[in-house]
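The structure appears below as structure tokens.
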Amino acid sequence: MKKFFLIPVLSSILLLNLASTCSSDDDSNPSSSQLIIQTQNSIVSGSWRVTLFSEDGVVQTSNYNGYNFTFNANATVEATNGTTVRTGTWTTGTDDSTPKLILTFTATTGPFEEISEDWRIVSVTSSRIELRHVSGGDGSIDLLTFQKN
């Protein structure tokens, strides 16, 4: 009889031990605050270029050809193409715990008005920042990728 009693007890201990080693945390997916900190640290280092801008499935990257973007620690941004300079501001934050990069250029029309958005931070490395924006009006999806020069 004692043997039959030990089997369920030992089985329970084994299952509890196995369950305790499992984790729902996925360390490969950084938290919102980690993405924001990575973005803040990466973006102020060096100059950047747009390697992808897609608005509702239409690639318009060529609108930013030749522009180098410099994100300054004082939250200003400059896009320079020879003698043409476009200025604006940048900041980070969260919206419903979604990490965001908010770009605001002074241009009210044209390609720089198009990237003046609250961009969801998709991924960040020291040399690449991928962003996504979903329109609140029609649900269209825009993509913006910066690559370090």
- Is there a chain of hydrophobic side chains (I, L, V, M, F, W, Y, each step under 4.5 Å between heavy atoms) that links I141 to L101? no
- Message: Measuring from atom CG of N149 to atom OG of S127, what distance do you get when rounded to the nearest 0.5 angstrom?
- Response: 11.0 Å
- Task: Drop me the distance from E114's CD to Q60's CD, to the nearest 0.5 angstrom.
- Result: 6.5 Å
- Item | Within residues 130-140 or reaching into it, pairs that qualify as salt bridge (Lys or Arg N to Asp or Glu O under 4.0 Å) - sequence neighbours excluded | R128-E130
- Reference residue L144; test side-chain contact (heavy atoms from CB on, under 4.5 Å); the match among V50, I129, T51: V50
- Would you give the length of the straight line joining atom CG of D96 to atom CZ of R120, rounded to the nearest 0.5 angstrom? 12.0 Å
- Please name the pair of heavy atoms, one in S42 and one in V124, separated by the smallest distance, quoted to 0.1 Å. OG-CG1, 3.9 Å
- Message: For L103, is there any backbone N or O sitting under 3.5 Å from a side-chain donor or acceptor partner on W119?
- Response: no
- State, with a plain yes or no, whether a side-chain heavy atom of I36 is found less than 4.5 Å away from one of T94. yes
- Task: Calculate, to the nearest 0.5 Å, the distance between atoms CD and OG belonging to E78 and S47 respectively.
- Result: 11.5 Å
- Pairwise distance OG1(T70) to CH2(W48) - rounded to 0.5 angstrom: 11.0 Å
- Message: Quick one: does any side-chain atom of K148 pair with a main-chain N or O of T125 as donor and acceptor, under 3.5 Å?
- Response: no
- Item | CD-OG distance between Q38 and S126, expressed to the nearest 0.5 angstrom | 10.0 Å
- Task: Any pair with a residue in residues 100-111 that passes salt bridge (Lys or Arg N to Asp or Glu O under 4.0 Å), sequence neighbours left out, goes on the list, sorted by first then second residue, please.
- Result: D95-K100, K100-D118
- Item | Ring geometry between Y67 and F69 (parallel below 30°, tilted from 30 to 60°, perpendicular above 60°) | tilted
Can you give each donor-acceptor pair under 3.5 Å made by side-chain atoms of residues 83-92, sequence neighbours left out, with the distance rounded to 0.1 Å?
| residue | atom | partner | partner atom | Å |
| --- | --- | --- | --- | --- |
| W90 | NE1 | N72 | O | 2.9 |
| W90 | NE1 | T76 | O | 3.4 |
| T92 | OG1 | Q40 | NE2 | 2.7 |

- Query: Hey, any chance V134 and L35 share a hydrophobic cluster, counting ILVMFWY side chains that come within less than 4.5 Å of each other, even indirectly?
  - Reply: no
- Any idea which heavy atoms bring D56 and D142 closest together, and the distance? N-OD1, 3.1 Å
- In terms of heavy-atom contacts, A107 and F112 come closest through CB-CB, 4.0 Å
- Under the 3.5 angstrom rule, does the side chain of Y64 hit a backbone N or O of A79 as a donor-acceptor pair? no
- Query: Taking S32 for the side chain and S97 for the main chain, is one N or O donor matched with an acceptor at less than 3.5 Å?
  - Reply: yes
